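Here is the structure we will look at, set down as structure tokens.
Note: hydrogens, waters and symmetry copies are ignored here, and every other heavy atom, side chains too, is used. A quick note: this is a predicted structure, and the numbers were derived from the prediction, not measured.
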Amino acid sequence: MQSNGRTIKSAFNILALSGGGYKGLYTAKIIAQIEENTGKPFGSHFDLICGTSIGGIIALALATRKISAEEVVVALKKAGPDIFKPVEEPKYKFAGMKENGKSYLDKKIYQNSGFTLKRGVTAAKHNNKALKEILESLFGDRKIGDLKTRVLIPTANWTKGGPQFFKTPHNPKLTLDKKHSLVDVAMATSAAPIYLPNYEFENQIYVDGGIVGNAPGIFGVHEAEHFISEASDKELHLLCIGALSSKITANQSESLDKGLVQWNSRIFDLMMACQEQTANFMMKQKMGDHYHMIDEPTSAEQDKVVALDKANDAATNTLLGLAKITFQKEISEKPLSDFIKQQAPDLNFNDQQEKKNV
């Protein structure tokens, strides 16, 4: 395409979805409202979709081009309270028992962190049975190779002690991941440390993708630049959708000398927040107006209601309400409209593999 003698390249659209546990309901609902408005699968507007943790689950759903974002919303609302059941306050075994020993310690830990010795200190705060059940219901027996849009899903492979990125076979060297089930990949990227157990499949242990990069857009841009030949003659455009990323700040009245119990889950939350802010800054610098971030700042009162593992009615209503506000603000604006004008190719990775074998 020519304009005043200057060649205008077509766009290669990348979507990046952040992690955030149950706060991903906000992300999924924004996308569901966009799909309702356009009448098209949101994943069909993108050439590559990246997602971490709950963002990875949503990314995999969108990349099928069959599972709607509203189905993800319904699944999260249904399973959230079971996945993130509040930890019960420990009770003394006998009436009148003196406050000493294990029972006293357990109570103090709970009062300080919401954890108990059993749930959060010596084992994960929640189990992952309900999460796996809802993923099996959502994805069935689909595999990475069945997807219609390229994906990149980060996780931490604890067996090898480093990052791992599950990908569609969009490069000749990428031949292993296509056989992985979406359920296994989704469980691997969303195994949030402290909150949920690690996940094992094919003899390897995985930990939440937030350990590697909670805002995976930076990985998506690198992937397009170095491993996707179709992107080489196109302009890269990146849309990131957050999950109400909050600034995790210090309480100046607290002791500076903190151990495991004092830090509790805040160390993981702080790590994710720092990653997201760093990635946002770098992508703005690198991509200019080819980069757009969708997220909503939360008030101090809202931060008391929503959290990675809060899935009660107050959290649900707050997340859905904020998603509606964000959608109304974004839907008529140019950055988002530019993305949803494009129709990306509907890919068939299984067909590509069959042709290679002929």
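- Within a 6.0 Å sphere centred on NZ of K284, heavy atoms belonging to other residues, nucleotides or ligands number 12 at most.
- Between C240 and G217, the shortest heavy-atom distance links the atoms SG-CA, 4.5 Å.
- At least one side-chain heavy atom of L147 sits under 4.5 Å from a side-chain heavy atom of V151.
- Neither L15 nor L236 shares a network with the other; the hydrophobic side chains, linked directly or stepwise wherever heavy atoms of I, L, V, M, F, W or Y lie under 4.5 Å apart, form separate groups for each.
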Open item on the list: Show, in sequence, the C-alpha distance, side-chain angles and deciding distance for Q302 and K304, and conclude whether the side chain to side chain contact (heavy atoms under 4.5 Å, CB included) test is met.
Closed with: CA-CA 5 Å; Q302 289 165 340; K304 295 176 184 177; over 6 Å; no
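- For the pair T159/N203, no side-chain contact is recorded, criterion being any heavy-atom separation below 4.5 Å from C-beta on.
- The two atoms that bring F42 and I241 nearest to each other are CE2-CD1, 4.3 Å, heavy atoms only.
- Inter-residue side-chain proximity for F219 and C50 is flagged as unmet; no heavy-atom pair is nearer than 4.5 Å.
- Placement of Y26 and L239 within a single hydrophobic cluster is found when ILVMFWY residues are connected by side-chain heavy-atom separations under 4.5 Å, directly or transitively.
- Hydrophobic clustering of Ile, Leu, Val, Met, Phe, Trp and Tyr side chains at less than 4.5 Å, counting indirect connections, keeps Y22 apart from V74.
- I49 and I218 are members of different hydrophobic clusters when ILVMFWY side chains are connected at heavy-atom separations under 4.5 Å.
- There is a side-chain donor-acceptor pair under 3.5 Å between K132 and Y199.
- Considering only residues two or more places apart in sequence or on other chains, K334 meets the side-chain hydrogen bond (donor to acceptor under 3.5 Å, both in side chains) condition with D338.
- In terms of heavy-atom proximity, F166 sits nearest to T155 at CE1-CG2, 3.4 Å.
- In this structure, I54 and L76 have side chains that are in contact, with non-hydrogen atoms separated by less than 4.5 Å.
- Within a 6.0 Å sphere centred on NZ of K77, other residues, nucleotides and ligands contribute 12 heavy atoms or fewer.
- Counted by atom type alone, D184 and S181 present one or more donor-acceptor pairs between their side chains at under 3.5 Å.
- The two atoms that bring T52 and G213 nearest to each other are OG1-O, 2.8 Å, heavy atoms only.
- Sparse packing is recorded around CE of M282, with 12 or fewer heavy atoms of other residues, nucleotides or ligands lying under 6.0 Å away.
- In the model, Q342 has a side-chain atom that pairs as donor or acceptor with a side-chain atom of D47 under 3.5 Å.
- Residues passing the side chain to side chain contact (heavy atoms under 4.5 Å, CB included) test with K310 are A307, A315, sequence neighbours excluded.
- If you take CD1 on I153 and CD on Q164, they are separated by 12.0 Å, rounding to the nearest 0.5 Å.
- Comment: K324 does not engage E296 in a salt bridge, judged by the lack of any side-chain N to carboxylate O separation of less than 4.0 angstrom.
- Considering CG of L152 and NZ of K167, their distance stands at 5.5 Å, rounded to 0.5 Å.
- Two residues are said to be in side-chain contact when any heavy atoms from C-beta on lie closer than 4.5 Å; L131 and I57 meet this criterion.
- Checked by atom type and distance alone, the side chain of Q33 pairs as donor or acceptor with a backbone atom of A323 at under 3.5 Å.
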- [ ] Walk me through it: do L17 and I31 pass the test side chain to side chain contact (heavy atoms under 4.5 Å, CB included)?
- [x] CA-CA 11 Å; L17 305 175; I31 297 171; 4.1 Å; yes
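- Taking the six-membered ring for Trp, H45 and F339 have ring centres at least 6.0 Å apart.
- When the side chains of ILVMFWY residues are joined at heavy-atom separations under 4.5 Å, either directly or via intervening members, L347 and I14 end up in two distinct hydrophobic clusters.
- Taking CD1 from I228 and OG1 from T168, the interatomic distance works out to 7.0 Å, rounded to the nearest 0.5 Å.
- In terms of modelled atom types and a separation under 3.5 Å, the side chain of K78 and the main chain of P81 share no donor-acceptor contact.
- Side-chain contact between I144 and L182 is present, with heavy atoms from C-beta onward closer than 4.5 Å.
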TODO: Start with the C-alpha distance between K173 and F227, add both sets of side-chain angles, then the distance that settles side chain to side chain contact (heavy atoms under 4.5 Å, CB included), and finish with yes or no.
DONE: CA-CA 9 Å; K173 295 181 180 179; F227 299 106; 6.0 Å; no
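- Residues K286 and L238 are not in side-chain contact: their nearest non-hydrogen atoms beyond the backbone lie 4.5 Å or more apart.
- Exactly one residue among E276, Q275, K23 makes a side-chain hydrogen bond (donor to acceptor under 3.5 Å, both in side chains) with S18. That residue is E276.
- With hydrogens and angles ignored, the 3.5 Å screen pairs no side-chain donor or acceptor of D146 with any backbone N or O of R142.
- Inter-residue side-chain proximity for F46 and R150 is flagged as unmet; no heavy-atom pair is nearer than 4.5 Å.
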TODO: Start with the C-alpha gap between Y206 and T189, add the side-chain angles, then the distance that decides, and say whether side chain to side chain contact (heavy atoms under 4.5 Å, CB included) holds.
DONE: CA-CA 7 Å; Y206 296 94; T189 191; over 6 Å; no
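- In terms of heavy atoms, A32 sits closest to A69 at N-CB, 3.5 Å.
- With values rounded to the nearest 0.5 angstrom, D177 atom CG is found 9.0 Å from K179 atom NZ.
- If you take NE2 on H222 and CZ on F165, they are separated by 9.5 Å, rounding to the nearest 0.5 Å.
- The 12-atom threshold is exceeded at CD of Q204, counting heavy atoms of other residues, nucleotides or ligands nearer than 6.0 Å.
- Residues A243 and G19 approach most closely at CB-O, 3.7 Å, considering heavy atoms.
- Judged by distance alone, with hydrogens and angles left aside, the side-chain atoms of S53 form no donor-acceptor pair with the main-chain N or O of G55 at under 3.5 Å.
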Task: Trace of the side chain to side chain donor-acceptor pair (under 3.5 Å) decision for E330 with H292 - done: CA-CA 11 Å; E330 295 284 345; H292 185 58; 2.9 Å; yes
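- Interatomic distance, K125 NZ to L308 CG, rounded to the nearest 0.5 Å: 9.0 Å.
- By the 30° and 60° cut-offs, the orientation of the rings of F201 relative to H180 is perpendicular.
- Taking the six-membered ring where the residue is Trp, H126 and Y195 present parallel rings, their angle staying beneath 30° rather than reaching 60°.
- For the residue pair E230 and H170, no side-chain donor N or O sits within less than 3.5 Å of a side-chain acceptor on the partner.
- Donor-acceptor pairing under 3.5 Å is recorded for the side chains of T149 and R65.
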